[in-house]
Amino acid sequence: MVSIDPKAVPNHVACVMDGNGRWAEQRGLARIEGHKMGEHSLIETIEGALELGVKWLTVYAFSTENWKRPPDEVKFLIGFNEDILQRRQQELHEMGVQIRFVGRTDWRVPKRLTKRMNEARELTKNNRRLIFTIAFNYGGRAEVVDAVKSLMKAGVSPDKVNEKLIARHLYDPKMPEVDLMVRTSGEFRTSNFLLWHLAYSEMVFTDTLWPDFNRTHLAEAVAEYQSRSRRYGGVTA
Ligand code: IPE
Ligand code: IPE
Ligand code: MG
């Protein structure tokens, strides 16, 4: 059992679900087998977040850089995300999970996937237990670029630009800052995830590969988060 203070649970947890390929390679399997196993970890993480009382959970499913992967893997990941949404939306809905998305909806994202995203968003829009956001075709720099475009199109005068206003032009203006970012697979980087929202988040890196990640690992990351002293540039009282 991991000991957690229920009064100091992070409001927003973000996960970089990494290490699927290596998990498969270690077993002599094709990379996509690792992605398939990652679905179970995703459900574990959602259930773990619900148990802990986390309010916002955001996961990195596909980055703007992931288009560089071999076409077969890209194709698989797109189809797989579509399948997961179709297979799991009802179950997540019944669990009180609201499903949202951040990322660019450019020509590379197939219409069928956009349709599934809209369905899932629509079905779950009134749920409040957990706001679960999938970052798909997401890049932190792309988000900043898109926010600047949106500000300019709105004709905002330069004198009016401040942090609050920029935040209002991001993909999801309601998304709060990330309190805890977890990255699996032993890589120590953010890989262009949630640039704006990660500014003051606590980061926990674990060697566990994503397909092996479960609710206990999530609880351990939250315990680690609770041991940190967040100063936001100030001094501890
Ligand atoms: C993360 O696992 C899944 C996606 C990026 C979609 P990887 O596929 O990056 O796995 P590794 O890092 O190659 O092991
Ligand atoms: C980050 O993982 C993107 C997702 C988990 C979707 P990557 O595996 O793509 O990142 P790098 O290449 O190690 O930086
Ligand atoms: Mg990776």
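Atoms within a ligand are numbered from 1 in the order they appear, just like the ligands themselves. Note that this is a predicted model, so its numbers are computed, not measured. Side-chain atoms are counted along with the backbone in the values below, which use heavy atoms only and exclude waters and symmetry mates.
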Specify the protein heavy atom at minimum distance from atom 14 (O) of ligand 2: its residue, its atom name, and the distance to 0.1 Å. Ser191 OG, 2.6 Å
N/O to N/O below 3.5 Å, does that happen between Tyr60 and ligand 2? no
Going by a strict under-4.0 Å cutoff (protein heavy atoms only), does atom 12 (O) of ligand 2 have a neighbour on the protein? no
I'd like to check which ligand 1 atoms, numbered from 1 as shown, lie under 4.0 Å from a non-hydrogen atom of Asn20. 1 (C), 2 (O), 3 (C), 7 (P), 10 (O), 14 (O)
Evaluate whether atom CD of Glu177 has more than 12 neighbouring non-hydrogen atoms of other residues, nucleotides or ligands under 6.0 angstrom away. no
Assess, by modelled atom type and distance only, whether the side chains of Thr124 and Asn127 contain a donor and an acceptor separated by less than 3.5 Å. no
Thr64 side chain to Arg141 side chain, donor-acceptor N/O pair below 3.5 angstrom: no
In the protein, what heavy atom is nearest to atom 10 (O) of ligand 1, and what distance, to one decimal place, separates them? Gly21 N, 2.9 Å
Candidates Val16, Thr184, Asp18; heavy atom nearest atom 8 (O) of ligand 2 found on Asp18
Candidate with minimal heavy-atom separation from atom 2 (O) of ligand 2, of Met17, Arg189, Arg183, Glu65: Arg183
Could you list which atoms of ligand 2 come closer than 4.0 Å to a heavy atom of Phe62? 6 (C)
Using a cut-off of strictly less than 2.8 Å, determine whether Glu187 has an N/O/S atom near the Mg ion (ligand 3). no
Is there a path of hydrophobic side-chain contacts, each under 4.5 Å between heavy atoms, that joins Phe101 and Leu130? yes
For ligand 1, note which part of Arg31 has a heavy atom under 4.0 Å away: side chain, backbone, both or neither. side chain
Which residue and non-hydrogen atom of the protein lie closest to atom 7 (P) of ligand 2, and at what distance in Å? Arg69 NH2, 3.7 Å
Mode of Ala61 contact toward ligand 1 - side chain, backbone, both, neither (heavy atoms, under 4.0 Å): backbone
What N, O or S atom of Asp18 is found closest to the Mg ion (ligand 3)? OD1
Counting each atom of ligand 1 from 1 as listed, which ones have a heavy atom of Arg22 under 4.0 Å away? 11 (P), 12 (O), 14 (O)
Mode of Phe193 contact toward ligand 2 - side chain, backbone, both, neither (heavy atoms, under 4.0 Å): neither
Among Trp196, Tyr171, Tyr138, find the residue that satisfies the side chain to side chain donor-acceptor pair (under 3.5 Å) test when tested with Glu143. Tyr138
Taking atom types as modelled, is there a side-chain donor on Gln90 or Glu94 under 3.5 Å from an acceptor on the other? yes
So is Ser63 polar-close to ligand 2, meaning N/O to N/O under 3.5 Å? no
For Arg112, does the CZ atom sit with more than 12 other heavy atoms under 6.0 Å from it, leaving out its own atoms? no
Face-on cation placement of Arg27 at Trp23 ring, 6.0 Å and 45° thresholds: yes
Of the side chain and backbone of Asn66, name the one, both, or neither that has a heavy atom under 4.0 Å from an atom of ligand 1. side chain
So is Ser185 touching ligand 1 or not, going by heavy atoms under 4.0 Å? no
Does any part of the side chain of Tyr60, heavy atoms only, come nearer than 4.5 Å to the side chain of Asn66, both counted from C-beta? no
Asp179 and Trp56 side chains, donor-acceptor separation under 3.5 Å: no
Between Gln98 and His93: side-chain donor-acceptor atoms closer than 3.5 Å: no
